[in-house]
Amino acid sequence: KAGVTQTPRYLIKTRGQQVTLSCSPISGHRSVSWYQQTPGQGLQFLFEYFSETQRNKGNFPGRFSGRQFSNSRSEMNVSTLELGDSALYLCASSRAGGRDEQFFGPGTRLTVL
Amino acid sequence: KQEVTQIPAALSVPEGENLVLNCSFTDSAIYNLQWFRQDPGKGLTSLLLIQSSQREQTSGRLNASLDKSSGRSTLYIAASQPGDSATYLCAMIKAAGNKLTFGGGTRVLVKP
């Protein structure tokens, strides 16, 4: 069974640009969550989608948004990039969230110059 | 105050020694606790999931315990190997939500 995949693996952008990251969950999983990992703040929750609906949202500005498609694939978008957005963005999938074990993808390394 | 704490932040042990990794959490309304391993620059690998109704879980050389009353979980790795060198993270899900709240991690170095 294929694991969680994320594309692209690496991105370099400049301040003010926008970026879209993609996540394909494990087959049969309907919950997709996004996390940001930085050396200073550690792993922080961005949002969770289940059946195309955002079910939970973390404390990030509105520049961070996401969506989920009917095949459970998810995208997250960051507009008006800032230097502080440089991070490893990880997505996790689970069958339905909650009690279920969460499985993470390899991440997308975003560098903002 | 941090909701999930892992102390120490780093530790080094000789090969063959048993590893004991600690995780403390402040909220007793915990749903699940999950242990992960992260290699440098990589994603997270799930090691063990303990549900709130369980006291421990085992997988091979790994054993994780959960004590809700004291707000602690411990991950034991028996007979450590150099390949066990990585950062170990614990994360909890509270009863009311679906998000993982992570500790800061413990960076482990197993010396040959």
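A note on names: the letters A, B, ... follow the listed sequences, proteins ahead of strands, and every chain is numbered from 1.
Contacts between Leu89(B) and chain A at a heavy-atom distance below 4.5 Å involve the side chain alone, from C-beta outward. For Gln37(A), the part sitting under 4.5 Å from any heavy atom of chain B is the side chain, from C-beta outward, and nothing else. Contact of Glu48(A) with chain B is made through the side chain alone, with heavy-atom distances under 4.5 Å. Heavy atoms of Phe50(A) lying under 4.5 Å from chain B are absent altogether.
Distance check: Ser94(A) OG to Ile93(B) CD1 gives 7.5 Å after rounding to the nearest 0.5 Å. Here Lys42(B) contributes atom NZ and Arg109(A) contributes atom CZ; the two are 12.0 Å apart, rounded to the nearest 0.5 Å.
Placement of Val4(B) and Ile30(B) within a single hydrophobic cluster is found when ILVMFWY residues are connected by side-chain heavy-atom separations under 4.5 Å, directly or transitively. Residues Phe45(A) and Phe64(A) fall into different hydrophobic clusters, defined by Ile, Leu, Val, Met, Phe, Trp and Tyr side chains chained together at heavy-atom separations under 4.5 Å. Criterion: ILVMFWY side-chain heavy atoms under 4.5 Å apart, direct or through other members. Under it, Tyr49(A) and Phe60(A) are part of a common hydrophobic cluster.
Counting non-hydrogen atoms of neighbouring residues, nucleotides and ligands closer than 6.0 angstrom, the CG atom of Asn59(A) reaches no more than 12 such neighbours. More than 12 heavy-atom neighbours from other residues, nucleotides or ligands sit within 6.0 angstrom of CG on Leu109(B). No more than 12 heavy atoms of other residues, nucleotides or ligands lie within 6.0 Å of NZ in Lys111(B), so this atom counts as exposed by the packing criterion. Enclosure of atom CZ in Arg15(A) is not indicated, since only 12 or fewer non-hydrogen atoms of other residues, nucleotides or ligands lie within 6.0 angstrom. In Arg72(B), the CZ atom is not crowded: 12 or fewer heavy atoms of neighbouring residues, nucleotides or ligands sit closer than 6.0 Å.
Scanning all heavy atoms of the two residues, the minimum distance from Leu43(A) to Leu44(B) falls at CD1-CD2, 4.0 Å. Across every non-hydrogen atom of Leu88(A) and Gln38(B), the tightest pair is CD2-NE2, 4.0 Å.
Of the listed residues (Gln44(A), Arg55(A), Gln41(A)), the one with the most heavy-atom contacts under 4.5 Å to chain B is Arg55(A). Across Cys91(A), Gly42(A), Pro106(A), the residue that shares the most heavy-atom pairs under 4.5 angstrom with chain B is Pro106(A).
Gln34(B) places a side-chain N or O within donor-acceptor distance of the main-chain N or O of Gln102(A), the cut-off being under 3.5 Å.
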